[in-house]
Every structure is written in C-alpha cells, then in structure tokens.
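Shown next, in structure tokens, is the structure this report addresses.
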Number of protein chains: 4
Amino acid sequence: MNFISDNANGADPRILDALTKANSGAVLSYGGDPGTARLQARFGALFGRAVTSFPVVSGTAANALALATLTPPHGLIFCHARSHIMMAECGAVEFHSHGARLVGVEGENCKIDARALAAAIDAVPRNFAHSMQPATVTLSQSTELGTVYAPAEVRAIADICHARGLKLHMDGARFANALAYLDVAPAQASWECGVDVLSFGASKGGALAAEAVIFFDAPDASDFMYRRKKAGHLISKMRFVSAQLEAYVEDGLWLGNAAHANAMAAQLAQGLKNAPDVRLTAPVQTNMVFADIPTALAMRLREGGAIFHDWGSTGKDRVTIRLVTSFATPQTDVAKVIELAGG
Amino acid sequence: MNFISDNANGADPRILDALTKANSGAVLSYGGDPGTARLQARFGALFGRAVTSFPVVSGTAANALALATLTPPHGLIFCHARSHIMMAECGAVEFHSHGARLVGVEGENCKIDARALAAAIDAVPRNFAHSMQPATVTLSQSTELGTVYAPAEVRAIADICHARGLKLHMDGARFANALAYLDVAPAQASWECGVDVLSFGASKGGALAAEAVIFFDAPDASDFMYRRKKAGHLISKMRFVSAQLEAYVEDGLWLGNAAHANAMAAQLAQGLKNAPDVRLTAPVQTNMVFADIPTALAMRLREGGAIFHDWGSTGKDRVTIRLVTSFATPQTDVAKVIELAGG
Amino acid sequence: MNFISDNANGADPRILDALTKANSGAVLSYGGDPGTARLQARFGALFGRAVTSFPVVSGTAANALALATLTPPHGLIFCHARSHIMMAECGAVEFHSHGARLVGVEGENCKIDARALAAAIDAVPRNFAHSMQPATVTLSQSTELGTVYAPAEVRAIADICHARGLKLHMDGARFANALAYLDVAPAQASWECGVDVLSFGASKGGALAAEAVIFFDAPDASDFMYRRKKAGHLISKMRFVSAQLEAYVEDGLWLGNAAHANAMAAQLAQGLKNAPDVRLTAPVQTNMVFADIPTALAMRLREGGAIFHDWGSTGKDRVTIRLVTSFATPQTDVAKVIELAGG
Amino acid sequence: MNFISDNANGADPRILDALTKANSGAVLSYGGDPGTARLQARFGALFGRAVTSFPVVSGTAANALALATLTPPHGLIFCHARSHIMMAECGAVEFHSHGARLVGVEGENCKIDARALAAAIDAVPRNFAHSMQPATVTLSQSTELGTVYAPAEVRAIADICHARGLKLHMDGARFANALAYLDVAPAQASWECGVDVLSFGASKGGALAAEAVIFFDAPDASDFMYRRKKAGHLISKMRFVSAQLEAYVEDGLWLGNAAHANAMAAQLAQGLKNAPDVRLTAPVQTNMVFADIPTALAMRLREGGAIFHDWGSTGKDRVTIRLVTSFATPQTDVAKVIELAGG
C-alpha cells in the first residue's frame, strides 16, 4: 500500500517491452537513431503542430534545461512560491542558468495567481542595471497539490507573460494527469493557451526514466543541444529513452495510466471524506489526496501497511497527510485505506 | 557491420532482463531503494575496499561531476591533449566545475606522459592569485586510442599528483576493456595504483545508460549528492540504473563482454596487418583498431557494408580509419572486413 | 540640495590628498605595496584583533565576494527580504557564488527578525539532496532604511547562525553611520557580537571607490584571493585603493563624517516632524529620513531645488520620499528643506 | 630603477588633478554623471565613429566582461598560447563567461599566427553538440612581449574571424604603446581593421585604475550593463573613473606617455645590444625589452639597484630578463642600466 509518490512504483510493462523492441541492431548514437526522429514527428502529430523535442532522463533536467535556455543569467523566473522547482530541485535552475533567480508568487491551491504574477513582474524596474530582469514564468500542470489550471487560467498567465516579453514554461511532470482531468487535447492545454515550452513527463506515468522538453517554436530551442550535452544529458544510447516516450504516448497508454491514477485518487478522496474526523485540504483533481486527519488515524493507517508522507500539521493531535496514486495503484489498496479510516 | 562505436549497439539482453526483475513492487525513489544499497556493497566487494558510489546515466555526467567535486572553480585539471573530456564533451567539465580549466598534456598513444605532466604542473606558480591552481589529473583507461596504461604507469602519475596535492581521476568508460587486457583485479588497476575516483562505465559494455562514480575515499565525495541533484542526475526510479550496473558486474558479464570485444579487435588487427597497403597506426590493446589505408580500400569496405569513422589522413589517397568492436560484434563481421581488405 | 543618495557627492578632500601622497615612487603592484600591508595592520588595531582584509572597489563586489567565499553553489543565504543585496545588486551574489540562493526574511524596519530567521533556517531539511542547504546569513548595518541593529540584536542573529553551522556576514556599506549612532567600538559592533566577515564601506563615507572585506578568522578567507582576481577585482595599482581606506580610518575621519551625516538627518527629521501633514515612516537613526508627505509638498520641495527619491506611496495625493544625507550635506540645505516644508 | 612592470609606478599627476576637478558638486551616481556621457562622446570623436563605452577599473575586468558578452558558455575563445588572458588572469574569462574555453594558438613574438588561427578554428566541427563552438578571438595590442600587430595583420585575423562568424576582441591594455609605435590613428588600429570590441587600457599609461570597454557596434553590447553590475564593476562614483579616462585622452597625454615609455625602451635596447654577451630575444617595438644575459650581469644589475623580472633561462649561467619602461621611467635610470651592463 504505497502512496508515497508516483515514482515509487516501477515501470509499466508495456514500456519495458518497448526497450526490448528497441534493442535490435546497430543505430546512430546520441539521438541520431530513427526512433528519436520518429518520436519528434509523433509529438508533432500529438500536439497538432511541428515541435522541437529533446528526450532527457529526469524532470529536474527537463525543467532546468528548458528554463536556462530561455533565461539569461541576470534573469528572473517567476514560479509558485511552493512549486517543485523552488522547493525540491536543489537549485537546479540556478545552476543550469548560471545564477538566474526564482521569484515565488502566491496563489491558492498551489496555482500562480495571475494578478499577483502581473504585480510581481511589474514591480521590477526594466532596462535598469541594478535589477535582475523578468524573463520567464513557469507553472506546474498538474501542481504539487494535484490541482489543475483550466486552459483559460493558463491563457491568462500566458497573456501576462507575452505582453511583457516573457516566455511561459510548463512543468508537465504530471501533464497526463492534468489532461485526463481536463479532458482536452494536448494542444488545448499547451501551445493553444500560450505555453512556449513544455517539460513533458513520462517517468511518473510509467516510464523508467524519460521526459521530453518540447519547444513549440523552434527558434526558442537555439542552444539547447549544447546545454544538454555539457550537462551530461545527451544519452549515448538515446534509442532507449526515445523508445520509452514513444511507447508512453502509443495507443493512449499515457492517458489511460493517468486516468487510472486519477480515478484511484477520486475513490480515495470520496472514501476519506466520509470517514470520521477527516478533512480534505485541497481539491482532488488528479492523483493526490491531501487530508487533515487525527494523528491516531495516521498511526493506524501506517500500522495497516499504508506508506505516505506527512505534509505538516494543522494542530495538536492532527496531521496533514499526502496520498499519491499512480498507474500501478491497485483498487484494493484504496479500499483498504478507506476501510482503515472508517470511511 | 557496424564498427562506428561501442555505443551504436543496443544493450546486453541479460541487462535488459535485470530491468524486468527490478520492476516488481514499490520502493523508495531517488536511490533509497535496496538495489542501490546492494550495488554499493557489491562495488565494495569488487574493489576489495569500502567505496562511496553514485549511479548516473552518462559518462559525461560521471566525469564532469567527479572532477567538479574535486576541483575548485579556479582549479586546473590536467588531461591528455586529445582526451574525450577535452575533445568531445562540449565543455561539460567547465560547466559543472563553474569554470575550471582543462590543460592538455601530450604523450604517446593518447597516454599522458608522466614527465610532461610533472613539468606542466610544476610550471604553474602556486599560491599565486594570478594563476589558476593545479587541482586534479584525469586519465582514460582505456584511452581514446584503445591503449592501456599499465598499473605502474598509473602509479607513476598518481605519485606525481599526490606529491603535489592533486587528486587523480580515471575516466573508465572502457575500464572493463582495460582490465580484460591487463588481466588484473579491479583494485590493482584503480585505488591500489593511486586512483582517487573512478568513472566506472557500463553503457559501452552492454548497459542501456548506466555508469557509476566510485570514490575510494568517502570524504572526497563531500558535496557530490548536491551536485548530482542540481545537475538533474538524481534519477527518481534509481532502481533501474542500479539494476543495470548490478547485472553488469554479476557473474563476470562485464569482463566477458569486454574480452569478446577485445578479441574481435585483435582478430581484426591481425587480419588487416596482413592486408596489402594497410598499416596499423596504434597498438591494438582493447577494442579499437586504427588503420592507415588507401582511400580506395575505405570505399570498398563501405560498399561492402562496413560502417566506421574516418580519423584524419596521412597523405594523398590515404585515410586513417577507426574500427571499434563491442560485446555485440559478430565474428562474421570481422571476417568479412578482413576479406574485403584482402587480409 | 542633493538628498538622492550618499554616493551622489564626490570624495572627501582629505582622501583625495591621500592619493597624491600615495603617488610617489614605484612599489609592488597587486597589493604587494607597503600601504596595503599597513592597512591590514591598521584594521587589526581598529578592531582589536588580527584580521585578514582585502581592499576592493565597490560594495557589491565586497558583499558578493565575501558571501561567495562562505557559501557553496548549493547554499542558501538568508537576508532581509528588502535588503540591498536582494533588490539592487542585479544578482551579484548568485553570480559570484555560482547559483546560491538568497532567501528573504521579514522583520520590522528592514532588520531581520531573529525568530523569523530561525524559523526560515529550520524549515530547510538538512543533509537532504533535494534542498539547497543553509550556509550564511547577511545583515546590513545600518540597513536600507537607515535603521541600526543593537549589538545584542546582532548577537542574537549570530547565535542562531552559529548554533546551526552558518556564518554571519555584515554588509557595512554604512557601518560608520551605525557606529556613530551606537557609539560603540568597531569590535563591539562586529566580531564581538558574532560577525564572521564584514564588508567595510568607505565609498559612501567619503572615499572615491574603496571598500574592504574583513575576515575575522583567517581560515574563512581561504580562496578569496583567487575569487577576487578572477572577478577582475585585484586592482594593479592597489596602493590607491588602500590609501583611500587608510585615510578614511585615519584620525577618525570616517566617524566624523558619519556623525555629520547622521546629525544632518536628525535635524531634517526633527524639522519635518514639525511640518504640517508630514509623517516619518521609519525611525531616523543614521543618515536617512523616510517621510510620508503630500504630493504637493514633494513638488514644492523639488521646485525649491531638492533632489530625492520617491519610495512608494501610502495613498492618493501622498508619497513617501527618501532623503539621504552625507558627509558633504551642508546645514543650509537641511534648513532650506525644512523651511520649504513649513517645519 | 624599477623596470618590473608599467603598473609599478603611480599615476600621472595630470590624471590625479583631474580627480580633484571631478570632485565638485553632486551628480548622478553609477555612470549617470555628465563626465561619463562626455567620455563616450569623446571616445566617439577619438575613434571617428559612434561607440558604446563602459568604464571599468581593471584590465582583467575589461577583457573578461567584453569576451563574456560575445561568447556563450559553450563557446571557444582563441587567443595566443602565452597571452595575458591565458596565463595571468586566474580564469577570469572562464568565470565571467560561465565556462567558455580559451584555446591557445601559436605564433611568433607572441602574435597569433593567422594561418594557425584559421586552422584551429576550422578543426572544430560546427553545429555539433559534442564540440564547444568557436565564438571569439582575442589578441593583445601591444602583446605580452611588447610586439605590435601591423594593421594589415589585424585585418587578416579579423577577416578569418568574420568569415567564420566569430567576433574579434583586442586587449588594449597597452593600446597607446602600440599606436605610438605604429603612428596611425586609433581607428586605423581598431575598427577599421576589423576589431569589434576593444579593452582600452589607461592604468598602465598613467591612470590610477581605469580602463574602458569600447564596442564599435552597439548591438554587441547587448547585456553588458547587467554583466558589469552583477560582477561588482558598476562603480557608484563613476565620475572618478571617467575623469581618469577623459584626462588620459585629453591633449594627447596618453600618446605622449606611451611615446616616452617606448623611447626609453628603445634607448635601453640600443644600449644593451652593444653590451658584451647580451642578446635581445624579441624585437623591441614598444615599452618592453627582453634580453638574454649572463647570470652574473643580472646580479650586477640588481646590485646596482635595478628591479626587473626573470623570464626563463636559455642555458647554464644565462638568464632572460624582462625590462618594462613606463611614462614615469627617468632617462637616467635607463642610462644607469646601460652603464652597468657595459653597453
């Protein structure tokens, strides 16, 4: 009963199979293989637009390389104050960008508030040597709280960016979960609402270690190839990274996996809501449930075999817990947790 | 008939199998899994000494992270003038180290000449603000020319380093090929002859994307964990990287694969030596053959289906070619090339 | 009537004279001159303790070099949320430290609140690869609001730092103004209350371009000499930077100049307090006066010849202005402003 | 009798006087003062072309900031193998450029050989992720050996650069000495022969600490203002840096000073050439004399009061010495050295 994160599970067997299929014969290394070319075309079809895509092996690499490509060292990157990029990547963006600065913006449910964003950008004197200069905005879809931006919300943020000369990046480590919730086409949740570059996650959805950086406008990708190489992220047997991504988007595997994870979280939320003394602390829209529960219940859940993170506390004898579901979460685990909670 | 590089081939099926085995159940992510712990113990046993090891996904990452950990931004890193790190990693060391400088040292057969190294280090004024300061030496075992340092040669270089306060790094992307040639234990070719940190390669020997940085003295590893994370090289489902490495060193797979590659190169060298108008330009000790041949022969080989790199030219109508063998090179391919060459 | 900043004025003539005195004869360059050695001894006497000091030419350089020396690239630097280092140095700390991150801490009157600081540090998971690690704290004495930390307040912050393994830096661009206000010895306001390294400012107090980084513990200075050189801050004719600093601390010039500036601000504050419709928005402790005044008065002051910065607004028809006095502010300018304000 | 370097002497009194003149009144800080604006216009007149100029305080800063502005982190900068930037700036270029690499090119008399340069650039695979990419060339005028490029030689190098998409930087720490030797207008030795950006030195010619970065094409200066600020090189009382530069180019002071230094070196060379057992090892074109002399003579010179650097040795009992003259070198010192040498 592992609800600790969606990367605690292994890989989807269909993606493992794809590795075996990709293993035959000799091909050009470093991304010169046919599979990597096919993948880019595939992304183009998926997004209804020619894209420039680069497979990498981690979400941190995808985010940091994408943002560094669009942000000069004296640039400011606006993000949610409690976003993954701010809290949990050990300064990857600062490192890859050679010292650009993250500026935390507030907003409910871990979503950047558009007005607060505009105010934060506009507070910076432009064309002024003493101030770092606004360059990019990054938002997570879905967020670290499992919440989802509606396309119109992304559009509003994109408009704020573009009107001020900034680019918009989307951290899509859980893009599939957001899409499954929104039930819109990939284009509608990305470039059509103004996203310039997307970190397209697959690891959390069933891949072993594969993400793609997808630029919707080729010129933005300018020196990405050099940044990726010198960072050590140009994998020699690239075919194996590309094969994971290809299998991931093949036959709707990715959206199916995301839909399952979301459904498990919805069931969990439904059950916990009915449990005594339990309060959900965030809307459950994708694959995360945050619940404020008695400490005693947390202990009971753990004794019953559930594994999960504590996420702060709202008072004496109470704790907020985070339960993350994934493509591999069995329905029985969900039922067991609900039962333990008395829901 | 692909002789272009040892990363043109896919993965060893036994390593692919290991991925499937590693796929069951939920485990801690980011290297907290049992397989990663087991791997470190395994390396300890293999090297006859407690080690601190970190799995990563590329040789460039292994080299750059290892050297950056041991070299301050104002440091000098001495390497062979035509080493991979100097020629083919797009400034990865400069990037990860925040601007340290590579100093090329000459030496025959792509091996650093010990005297030239000592002279290069000693030419730098120490404790002097105007000069970057000697910090590390890195050598490749085996080299970019397929040649191998004898343990006594490594020892000589290590002594030069240590007498001057420098650390010694070994780029072991093809460490297995060197060991197979030397027929010594891993310890004898590494820490016993003074190596402080080793990039232990597996990708070229049959893994999909797996290398390990192995520190022989724990304090040297100091801030490696932060460097790896902010570089985007802390893979969330680390079990899959560790599993490759574990399978790679299991039951001698790695040395067997290296021995095969070396044997294929030896046969190739033997055959070509007997071919008319062909001259080997470097000693063939591991899995690479460099041959100076008539341009017409190069064309004939390619028409016959051989794929390989040109490596400069020694005169009109002549070209130097590089043929690389791997764990997957079939004996029939070798025979065919020899036949085409008339050897 | 220039109240725009204390760097709008030129240099104290006694410091200009010192340049002429320093001009005779040939000496070793790059800080090997006798004046630079004398200066370090002089600082030692001034602070009652052996120090390691480095002259530089700007406060930004002093701060960024000092902090970079004590903070690894994955380090966190805690500062006041509206400090100069955060707002007005264009990412100098991020640049010199290769990507360390500034964390803004709140506190009244631009002074870091000790409890908020402790909480901010303690909120960071230690020895954890996903989080940047707390390394240093920097406070400004006096602050950007002209306020001053009492030695006991600095001590409280230093204790928080040292108990947690962090170092404490003091941005003393206006250290003299703080000392003049506190009426304590330099030692009492620095190392005796726990400061590890001090940016000792002179430019704002009458020098042309001179500051010193003063380390109270020599080992902390470790690689400063290399950092300064590669940043382009090792001035060849160092004698001229050192001479400014020597003249600055000679015969109490620095404290006299600061006392004058403080006195002018005090007079200004006293007069404005009595003016109709004027409200001081921060305690006036050194050489800055912040006043909330009618927009019409601001216009009248400017028409009368006063030059100063707007510093936000507290409502319709009102503006907060900042008036900075310096060693060169004539008493008549102060009187004139008060008169214009009707105070 | 100080011949150790041209920065061992103090400042030209006329430049000191200019500081006093610049000291009156309050002006905008950080380069917003009228003197700094006037200086840019003055440079425009001097070079016969609108320029974008930035005063800084050291040659290292000028060079590193200029090159970093024109070179991406994955860029290659070609310079002479024994240039100042390579040997004596502690990695300043690597630091400011975030890891770009210097590539040493050979050439007689410390001048880059045009053919060798072209070959070095052309040896780098372009548009190839594994190789850092050629971006800039930097040459010193005059060189570290005191030699001078003829305008046609600079032109040849510039043509090589521009044909390949590289920019050309000139390290003009001793630009005045070169001009005095060449007897051409500033334009003829800079932009008219293809220089894109010039580090215009004044410190060695009589200033206290002043250099200017002069871009001949405004768009090249793009983000220089941010780079300068975050490096700590935007001096608050900029008027004092600008005033030095203005005085330096006023009434031909700079060229007069350079002519004197050159004349002293010429006399020295002439005298030493006639001395027994003395051999000049480089053409004496500006203010440096390199001479291969008996060790016994070196000792005699030092006993006689001469101060100078040893510059290697050509054999037993012989040493190469470097004698540098400056604007402040008295003719009597030159005569004394010649006399001691028996010339």
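Naming: A, B, ... by sequence-line order, numbering from 1 per chain.
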Review point. Quick one: are C/H233 and D/H233 in side-chain contact, heavy atoms under 4.5 Å?
Key: yes
Check your understanding: Could you go step by step and tell me if C/L234 and D/T60 meet the side chain to side chain contact (heavy atoms under 4.5 Å, CB included) rule?
Key -> CA-CA 9 Å; C/L234 180 61; D/T60 298; over 6 Å; no
**Study point:** Option in D/T20, D/V93, D/V27 with maximal non-hydrogen atom pairs under 4.5 Å from chain C
**Key:** D/V27
Check your understanding: At their closest point, which heavy atom of C/S58 faces which heavy atom of D/G232, and how far apart are they?
Key -> OG-O, 2.7 Å
**Study point:** D/Y226 versus chain C, the contacting section by heavy-atom distance below 4.5 Å
**Key:** both
Point to revise | Region of C/A207 that comes under 4.5 Å of a non-hydrogen atom in chain D | key: backbone
Study note, to complete from the structure: Applying a strict 4.5 Å limit to non-hydrogen atoms, the region of D/L208 in contact with chain C is both
Exercise for review: Under 4.5 Å heavy-atom distance to chain C, tell me which part of D/S5 shows up: side chain, backbone, both or neither.
Suggested key: neither
Review point. Side chain, backbone, both or neither: which part of D/A88 has a heavy atom under 4.5 Å from chain C?
Key: backbone
**Study point:** Partner set under side chain to side chain donor-acceptor pair (under 3.5 Å) for C/R174, not counting sequence neighbours
**Key:** C/D6
Check your understanding: Backbone N or O of C/F95 within a donor-acceptor pair of the D/H98 side chain at under 3.5 Å?
Key -> no
Check your understanding: Among D/N23, D/L19, D/N2, which has the most heavy-atom pairs under 4.5 Å with chain C?
Key -> D/N23
Point to revise | Max heavy-atom pair count under 4.5 Å with chain C, selected residue of D/K229, D/M238, D/E94 | key: D/K229
Practice item. Could you tell me which portion of D/A64 (side chain, backbone, both or neither) has an atom closer than 4.5 angstrom to a non-hydrogen atom of chain C? Key: neither
